[in-house]
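Quick notes on the structure that follows.
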There are 4 protein chains.
Amino acid sequence: MVKNDKEEMIINAALAVFCKKGYANTRMADIAREAGVSYGLVYHYFGSKKVLFDIIVNTWWSDLYHVLEEQKNSKAAFPERLAYITQFFLDAYANKPNLTSIFISEISRSSVYHTSTGLEKFRRFFTLCEAIMDEGQKTGFLRDDIRPHYLTYIFLGAVEGFISILVLGREQLNDKRKKRMIDGITQVFLDGARVR
Amino acid sequence: MVKNDKEEMIINAALAVFCKKGYANTRMADIAREAGVSYGLVYHYFGSKKVLFDIIVNTWWSDLYHVLEEQKNSKAAFPERLAYITQFFLDAYANKPNLTSIFISEISRSSVYHTSTGLEKFRRFFTLCEAIMDEGQKTGFLRDDIRPHYLTYIFLGAVEGFISILVLGREQLNDKRKKRMIDGITQVFLDGARVR
Amino acid sequence: MVKNDKEEMIINAALAVFCKKGYANTRMADIAREAGVSYGLVYHYFGSKKVLFDIIVNTWWSDLYHVLEEQKNSKAAFPERLAYITQFFLDAYANKPNLTSIFISEISRSSVYHTSTGLEKFRRFFTLCEAIMDEGQKTGFLRDDIRPHYLTYIFLGAVEGFISILVLGREQLNDKRKKRMIDGITQVFLDGARVR
Amino acid sequence: MVKNDKEEMIINAALAVFCKKGYANTRMADIAREAGVSYGLVYHYFGSKKVLFDIIVNTWWSDLYHVLEEQKNSKAAFPERLAYITQFFLDAYANKPNLTSIFISEISRSSVYHTSTGLEKFRRFFTLCEAIMDEGQKTGFLRDDIRPHYLTYIFLGAVEGFISILVLGREQLNDKRKKRMIDGITQVFLDGARVR
DNA sequence: AATGAATGAGCTTTCATTCAT
DNA sequence: CATGAATGAAAGCTCATTCAT
């Protein structure tokens with residue numbers, strides 16, 4: 001996992017350019033220029049535009065899986081587990097805004113990305129979340145008149161939709177805002193937006 | 001607004017191809033072939049790939065604005081208004097699956113699309129929704145410890161996330177399922193997923 | 001088989017450039033310039049450099065097969081049949097020097113061309129010749145203390161080697177020289193170079 | 001002429017790769033990998049791909065010239081001298097199959113575009129052979145109704161064509177087969193394939 | 001209105017070669 | 001001697017767009 005200087009510079013440059021222009025409009029020359037290296041070096045290390053992009057994409061997925069696996073096996077109370085998943089996305093946005101932006105704009109919705117392997121990544125992601133929702137219902141914490149399937153989509157949709165707005169507005173996050181957002185999302189999901 | 005035969009065939013072909021391949025991977029030749037016309041004719045009527053795409057995109061936005069304006073001025077009870085917005089997306093998916101799919105995968109998240117004009121469309125969309133949420137808080141229906149801003153993003157994110165799953169799975173909708181989905185989304189948003 | 005103007009101009013240009021520079025050193029831009037058409041038109045008609053080359057190659061093979069099949073079924077005396085095969089190559093050189101040159105320098109010996117399909121072309125060619133030699137032995141015309149296999153290679157090698165010299169020297173052929181060459185090759189093959 | 005270990009390994013690797021892929025499709029990296037050295041070292045010793053190839057080519061030519069000079073000045077009977085030339089090629093194929101294959105597929109015919117120096121090599125080769133044929137005619141051994149020029153091309157063409165088949169089929173040679181081939185070629189060239 | 005031949009800028013990719021270590 | 005990271009010119013190919021018919 002340790003990369004040499006140039007390799008890392010190229011990855012970071014690629015993150016910036018993919019984020020700014022999107023995959024289709026990114027030129028390998030842009031990445032090379034942004035990284036301050038020659039044209040050929042990008043190919044020397046990464047072989048092709050697709051490979052470079054996939055490496056970036058896989059970084060995202062492996063981070064995400066790591067967090068979800070952790071929460072799946074967590075003994076924490078249910079609301080904390082949801083909060084933790086939400087926090088993952090907000091932290092990702094705070095720490096790796098480019099990567100998060102690429103996820104939002106290039107991975108999560110791209111019809112192009114939805115090859116069989118791409119779909120597989122998603123399935124694994126949804127399945128992990130659904131398992132958590134399922135457990136929430138089985139332990140009597142979540143209402144069971146709505147399919148766990150649907151609950152998952154509502155929750156993940158809300159989180160992802162929320163993040164996408166942050167990305168769109170290039171908004172800055174501090175810890176206070178982050179906390180307020182996490183609370184807002186989990187509270188609305190668990191207790192609703194209606195006044196009691 | 002009345003189009004002649006060929007013009008409409010091209011629009012429909014474009015919808016199908018953009019939906020299947022995404023904007024960047026769509027060739028003008030694909031659209032012409034799908035429409036059964038020469039590709040000179042596509043240029044004759046639409047001038048460029050971008051114009052053709054924008055026409056499609058504008059169809060989406062104008063449909064959406066129409067519904068939202070209607071609900072903004074509606075005298076209906078608040079939950080019904082949310083349900084109606086949700087229903088718009090589900091109806092769009094049922095009646096114009098290609099267009100909805102293009103919205104999900106090419107418009108709503110595409111960093112490329114987010115030029116100043118593209119952003120403007122979104123702002124108008126969010127602002128309309130936010131006005132509804134704002135009214136919900138002011139009339140004491142919605143809790144006011146969460147910013148209307150956030151409520152909007154959570155609600156729209158949930159709806160859009162939900163639809164994107166339908167698109168991804170190319171799921172069929174009948175009226176019963178549609179109703180269950182609308183109820184699920186609005187109930188979770190309003191009353192939460194937690195057992196009382 | 002009827003080609004339009006530009007298509008034929010491109011084929012002829014390709015023949016000239018492949019002949020002059022060889023496949024590997026031919027640039028598609030060279031062909032386009034030689035044909036006096038734009039870059040893209042070569043691709044419009046032929047799709048790729050390889051396809052363009054293969055079309056040319058196939059012209060050669062189909063001409064050759066045509067002649068050999070004819071001679072295989074011929075009732076002519078054996079020497080005439082050999083002379084006819086020899087004549088094919090000399091006529092090819094006289095009428096289509098570029099094509100013949102490409103055969104000599106790019107097809108007949110190219111390790112690159114010898115893929116399974118390329119090899120197949122050769123096998124068919126050799127097999128047809130061998131059948132003629134075989135018949136020559138069976139009818140008592142040719143000595144049978146040398147395998148028909150070997151006779152074929154010696155004969156074809158001599159013919160091909162001879163042609164390759166013509167190509168190398170860009171020599172001009174008139175009917176008189178052509179006849180002398182045909183006689184020389186067939187006489188040496190049949191009666192030997194030794195004084196009796 | 002004495003080479004160190006690595007130098008020789010590189011030459012052998014180059015022989016193998018040029019033989020397998022042809023000059024144009026050979027990558028310096030392929031040669032380095034095959035030799036088990038870095039590709040900087042290939043440049044350290046040989047300077048360029050062209051130089052490396054030329055060294056290999058020159059090995060071939062100098063071996064060949066050596067044999068031909070020997071036979072030119074030989075006092076042996078004419079048939080033995082032809083047999084010896086034929087044997088040179090068959091021995092070369094048996095002992096250095098890669099080098100022979102490179103001659104057949106990369107040197108002997110691609111010289112069409114190969115510079116004046118490449119053509120020069122051939123001229124010298126043909127001239128040497130022609131001198132032998134010329135002497136054969138002058139001493140009354142060979143018929144003189146065919147130009148020595150033509151006789152040379154027929155003989156060399158037959159030999160080279162024969163070898164090229166061996167290369168194509170990657171055929172194994174033992175001493176018995178070798179002798180049968182030499183006899184076949186020289187006998188047909190001298191006495192013809194026709195039954196007397 | 002309708003066609004599709006024709007264009008060429010622009011892209012990804014390759015690979016011989018250089019050079020700092 | 002030996003390495004392999006680094007370079008960039010040059011090639012094949014794509015495809016939106018134009019335009020004569």
Side-chain angles (χ1 to χ4, degrees), chain A residues 4-7 9-10 24-33 35-53, chain B residues 4-7 10 23-33 35-53, chain C residues 4-7 9-10 24-33 35-53, chain D residues 4-7 10 23-33 35-53:
Chain A
N4 69 38
D5 270 7
K6 297 273 175 88
E7 226 172 325
M9 285 164 73
I10 293 169
N25 292 295
T26 291
R27 309 291 140 240
M28 289 302 261
D30 297 335
I31 294 174
R33 197 182 319 112
V37 301
S38 80
Y39 218 88
L41 197 64
V42 182
Y43 283 91
H44 181 74
Y45 282 120
F46 301 101
S48 83
K49 186 178 170 182
K50 182 73 168 53
V51 165
L52 182 51
F53 185 71
Chain B
N4 70 38
D5 270 7
K6 297 265 176 99
E7 231 173 318
I10 292 169
Y23 181 80
N25 293 294
T26 290
R27 309 289 141 244
M28 289 301 261
D30 297 334
I31 294 174
R33 197 182 318 112
V37 302
S38 75
Y39 55 93
L41 199 62
V42 181
Y43 281 90
H44 180 74
Y45 281 120
F46 299 101
S48 83
K49 186 179 172 183
K50 182 71 168 55
V51 165
L52 183 51
F53 185 71
Chain C
N4 70 38
D5 271 6
K6 296 274 175 86
E7 225 173 324
M9 285 164 73
I10 292 169
N25 293 300
T26 291
R27 309 288 141 242
M28 291 301 262
D30 297 335
I31 294 174
R33 198 180 318 112
V37 301
S38 78
Y39 206 86
L41 197 64
V42 182
Y43 283 91
H44 181 74
Y45 282 120
F46 299 101
S48 83
K49 186 178 172 184
K50 181 70 168 53
V51 165
L52 182 51
F53 185 71
Chain D
N4 70 36
D5 270 8
K6 297 263 176 100
E7 231 174 318
I10 292 169
Y23 180 80
N25 293 295
T26 291
R27 309 289 143 242
M28 290 300 261
D30 296 333
I31 295 174
R33 197 181 319 110
V37 301
S38 76
Y39 55 93
L41 199 62
V42 181
Y43 281 90
H44 179 74
Y45 282 120
F46 300 100
S48 84
K49 184 179 172 183
K50 182 73 168 53
V51 165
L52 182 52
F53 186 71

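Throughout, a chain's letter reflects where its sequence line sits, starting with A, and its residues are numbered from 1. Heavy-atom basis, side chains included; hydrogens, waters and symmetry copies ignored.
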(request) Could you state the atom-to-atom distance from CG of B:Asp5 to P of E:dA1 in whole Å? (result) 14 Å
(message) Partner lookup for E:dA1, please. Criteria are Watson-Crick or G-U wobble with both distances under 3.5 angstrom; report none if nothing qualifies.
(response) none
(request) Report the distance from atom CD1 of B:Ile10 to atom C1' of E:dA1, rounded to the nearest whole Å. (result) 11 Å
(message) Rounded to whole Å, please give me the gap between CG in B:Leu52 and C1' in F:dA16.
(response) 13 Å
(request) Determine the minimum heavy-atom distance between B:Val42 and B:Val37, stating which atoms define it. (result) CG2-CG2, 4.3 Å
(request) Take the protein atom CG of D:Leu41 and the nucleotide atom P of E:dA16, then report the distance between them rounded to whole Å. (result) 16 Å
(message) For a quick test of reading the model: is some side-chain N or O of A:Tyr43 closer than 4.0 Å to OP1 or OP2 of E:dT14?
(response) no
(message) By nearest atom, which of the nucleotides E:dG4, F:dT7, E:dA6 is closest to the A:Val37 side chain?
(response) F:dT7
(request) Look at all strands and tell whether D:Tyr39 reaches a base, only sugar-phosphate, or nothing, counting heavy atoms closer than 4.0 Å. (result) base
(request) Map B:Val42 and C:Val42 onto DNA chain E by nearest heavy atom, then report which one ends up closer to the 5' terminus. (result) B:Val42
(message) Rounded to whole Å, how long is the line connecting atom CG of A:Asn25 with atom P of E:dT12?
(response) 10 Å
(request) Report yes if some heavy atom in the side chain of D:Arg27 is under 4.5 Å from a heavy atom in the side chain of D:Tyr39; otherwise report no. (result) no
(request) Grab the CE-P distance between A:Met28 and F:dG12 for me, whole Å please. (result) 20 Å
(message) How close do A:Ile31 and A:Ile10 get, counting heavy atoms only, and between which atoms?
(response) CG2-O, 4.1 Å
(message) Looking at A:Lys6, I'd like to know whether one of its side-chain N or O atoms comes within less than 4.0 Å of OP1 or OP2 on F:dA6.
(response) yes
(request) Look at the side-chain N and O atoms of C:His44 and state whether any lies under 4.0 Å from the OP1 or OP2 oxygen of E:dA6. (result) no
(request) Hunt down the Watson-Crick or G-U wobble partner of E:dA20, both distances under 3.5 Å, from any strand shown, or write none. (result) F:dT3
(request) Evaluate the side-chain proximity of A:Phe46 to A:Glu7: yes if any heavy-atom separation is below 4.5 Å, no if none is. (result) yes
(request) Please answer whether the main-chain N or O of B:Thr26 pairs with a side-chain N or O of B:Lys49 as donor and acceptor at a distance below 3.5 Å. (result) yes
(request) Using heavy atoms to find the nearest nucleotide of DNA chain F for D:Tyr45 and C:Ala24 separately, return the residue whose nucleotide is more 5′. (result) D:Tyr45
(message) Between P on E:dT17 and CZ on D:Phe46, what's the gap in Å once rounded to a whole number?
(response) 14 Å
(message) Using OP1 and OP2 only, check whether a side-chain N or O of A:Arg27 sits under 4.0 Å from E:dT12.
(response) yes
(request) Can you tell me the distance, in whole Å, between the OH atom of D:Tyr23 and the C1' atom of E:dC15? (result) 12 Å
